[in-house]
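No hydrogens, no waters, no symmetry mates; every other heavy atom, side chains included, goes into these values. Just follow the structure's listing: the first ligand is 1, and inside any ligand the first atom is 1. The first residue of the sequence shown is numbered 1, and numbering continues consecutively from there.
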Amino acid sequence: MSASKTTLSLEVFPPKKDDNFANAFSTMDQLADLKPSFISVTYGAGGSRSKNTVEIADYIQNKLGIPALAHMTCVGNKKEDIDAVCTQLADANISRVLALRGDRPADMTDEQYNGRDFAYASELVSHLKEHTDFTLFGACYPEKHFEAMSTRADLMHLKQKVECGVSELITQLFMNNDVFYDFADRALAAGITVPIHAGIMPITSVKQVATTISLSGTSIPKAFSDLVARYGDDPEEMKKAGIDYAIRQMQDLIDGGVDGIHIYCMNKPKTTASIVSALSF
Ligand code: FAD
């Protein structure tokens, strides 16, 4: 948290099929109108389709002139694969990487998992710090990463990751700002002083509650479950209520001096624009 102005950034995902790039580019064009300080592009945990991440990041960086932040996961990648993606990113003039471990793919054997080249994101960060000039971002979890033994252990691992060379952090999505403020205080007390971007996902349908929210382990505050109880049967009203909740959540964070708002925008330019236009930074 700082006294300087809160930044706005967005997360997008690349097309899953190679023939969907025209659609994706049009989505990026519309999101660019919101003038985010950067747009991050997700990456498959197994490392397959990494070229789609590079291609979308290249478009954002070089065609739209907006800084692109390329996500990179290492759980399913050998060092040589990581180095090859780094070369592609550097060739495309992309200088920001979100260094992640990634989740273990369901089809990965114990032998493959235990023999992975990078055990944790911090090892990927050290490798990238040594061999590239990228500015490195890392992920953090206000409600604790699901594998960590304790909140304290998770925070110590996060500190270690930052010390390996992370310059900025982006949080997992959360719906209760008190959880974030508590995390930001604990991070600062532990000596983590890099900017923290608050990751917010607008929840606009009941289906998203059942999928995204439960998968991410995010707790749902009563204020939001009350909205679901009230509007859950009416998709249009649910969407409006979800957008309104996200706006109120983000405005509170901006007023509270958060370093950055990072919208998990799910490639939805209209919903994202309606939220951004309601915020005062
Ligand atoms: P790490 O920082 O390695 O942490 C993973 C776990 O290991 C934590 O519990 C941590 O406490 C523990 N740990 C760390 N170091 C040690 C150590 N030395 N000893 C013991 N335990 C340790 N996934 C994708 O597949 N693609 C994406 O594009 C993607 N983007 C994301 C963006 C954001 C902002 C966030 C928050 C998550 C994203 N994810 C993505 C999900 C992420 O890959 C998973 O949450 C994954 O399980 C953890 O990745 P990490 O980089 O945070 O791991």
Side-chain angles (χ1 to χ4, degrees), residues 9-16 38-54 56-57 68-77 81-82 85 89 96-108 113-114 116-128 136-175 179-180 183 186-187 190 192 194-201 212-218 259-267:
S9 59
L10 308 174
E11 180 189 283
V12 299
F13 51 82
K16 293 192 177 58
F38 64 87
I39 299 181
S40 81
V41 188
T42 62
Y43 189 93
S48 60
R49 288 197 296 268
S50 65
K51 76 177 180 44
N52 293 6
T53 301
V54 177
I56 293 294
L69 169 66
H71 296 206
M72 183 184 282
T73 63
C74 59
V75 66
N77 280 313
D81 306 326
I82 292 288
V85 178
L89 290 171
R96 294 167 183 78
V97 167
L98 172 56
L100 299 149
R101 189 203 59 190
D103 287 324
R104 176 180 174 163
D107 60 356
M108 199 176 207
Y113 186 68
N114 296 329
R116 63 198 191 274
D117 278 358
F118 303 96
Y120 299 106
S122 54
E123 293 183 12
L124 175 62
V125 170
S126 297
H127 179 78
L128 297 178
L136 302 175
F137 286 56
C140 60
Y141 303 82
E143 297 188 61
K144 185 178 92 57
H145 184 262
F146 70 96
E147 287 167 31
M149 298 281 283
S150 66
T151 337
R152 177 82 194 149
D154 205 26
L155 196 61
M156 289 302 106
H157 296 145
L158 180 63
K159 186 167 190 235
Q160 183 194 15
K161 182 160 69 176
V162 171
E163 285 168 354
C164 288
V166 163
S167 310
E168 307 197 26
L169 292 168
I170 304 179
T171 74
Q172 175 65 285
L173 64 101
F174 61 90
M175 301 198 75
V179 168
F180 174 83
F183 167 75
R186 283 187 291 109
I192 298 170
V194 297
I196 303 177
H197 301 264
I200 306 292
M201 182 181 289
T212 319
I213 295 283
S214 26
L215 280 178
S216 67
T218 304
D259 297 310
I261 297 281
H262 185 69
I263 306 183
Y264 291 107
C265 74
M266 305 302 289
N267 293 22

Query raised in the report: Which is closest to atom 2 (O) of ligand 1 by heavy-atom distance: Lys161, Met149, Lys144, Glu147?
Result: Lys161

Query - Main-chain N/O of Ala148 paired to Lys144 side chain as donor or acceptor, under 3.5 Å - result: yes

Requested in this report: May I ask which of Tyr141, Phe137, Tyr264 has a heavy atom nearer to atom 52 (O) of ligand 1 than the others do?
Outcome: Tyr141

Requested in this report: Could you tell me if the ring centre of Phe38 sits under 6.0 Å from that of Phe137?
Outcome: yes

Query raised in the report: In ligand 1, which numbered atoms sit nearer than 4.0 Å to a non-hydrogen atom of Thr73?
Result: 24 (C), 25 (O), 26 (N)

Requested in this report: Could you tell me which residues satisfy ring pair (Phe, Tyr, Trp, His ring centres under 6.0 Å) with Phe174, sequence neighbours excluded, listed by chain and number?
Outcome: Phe180

Query raised in the report: Looking only at distance, does Asp154 have an N or O less than 3.5 Å from an N or O of ligand 1?
Result: yes

Query - Minimum non-hydrogen distance to atom 8 (C) of ligand 1, winning option of Met72, Glu11, His157, His145 - result: His145

Requested in this report: Indicate yes or no: at least one non-hydrogen side-chain atom of Leu173 is less than 4.5 angstrom from one of Ile200.
Outcome: no

Query raised in the report: Counting both backbone and side chain atoms, is some N or O of Ala121 under 3.5 Å from an N or O of ligand 1?
Result: yes

Report summary line: Note: ligand 1 atoms sitting under 4.0 Å from heavy atoms of Ile170 are 34 (C)

Requested in this report: With Arg116 as the cation and Phe118 as the aromatic partner, state whether NZ or CZ is under 6.0 Å from the six-membered ring centre and within 45° of the axis.
Outcome: no

Query raised in the report: So, does Asn52 use its side chain to make a donor-acceptor pair with the main chain of Pro15 at under 3.5 Å?
Result: yes

Requested in this report: Output the list of atoms in ligand 1 that are nearer than 4.0 Å to some heavy atom of Leu98, sorted by atom number.
Outcome: 32 (C)

Requested in this report: Using non-hydrogen atoms of the residue, decide whether Leu173 is closer than 4.0 angstrom to ligand 1.
Outcome: no

Query raised in the report: If we ignore angles and hydrogens, is there a donor and acceptor under 3.5 Å between the side chains of Thr53 and His71?
Result: no

Query - Any Gly102 heavy atom less than 4.0 Å from ligand 1 - result: yes

Query raised in the report: Should you measure from each heavy atom of Ala139, which atoms of ligand 1 turn up under 4.0 Å away?
Result: 35 (C), 36 (C), 52 (O)

Query raised in the report: Which atoms of ligand 1 have any heavy atom of Ala148 under 4.0 Å away?
Result: 9 (O), 11 (O)

Query raised in the report: Considering distance alone, does some N or O of Thr171 sit under 3.5 Å from an N or O of ligand 1?
Result: no

Query raised in the report: For ligand 1, which atoms have a heavy atom of Thr42 less than 4.0 angstrom away?
Result: 28 (O)

Query raised in the report: Should the heavy atoms of other residues, nucleotides or ligands under 6.0 Å from CE of Met108 be counted, would the total exceed 12?
Result: yes

**Report entry** Heavy-atom side-chain proximity of Arg101 to His145 below 4.5 angstrom
**Finding:** yes

Query raised in the report: Taking both backbone and side-chain atoms of Arg101, is any N or O found less than 3.5 Å from an N or O belonging to ligand 1?
Result: yes

Query raised in the report: Do you know the tightest heavy-atom contact between Ala139 and Leu100?
Result: CB-CD2, 3.6 Å

**Report entry** Selected option - heavy-atom contact closest to atom 14 (C) of ligand 1, from Phe13, Tyr120, Tyr43, Phe146
**Finding:** Tyr120

Query - Test item, Gln160 contacting ligand 1 (heavy atom, 4.0 angstrom) - result: yes

Query raised in the report: Less than 4.5 Å apart, any side-chain heavy atom of Val97 and any of Met72?
Result: yes

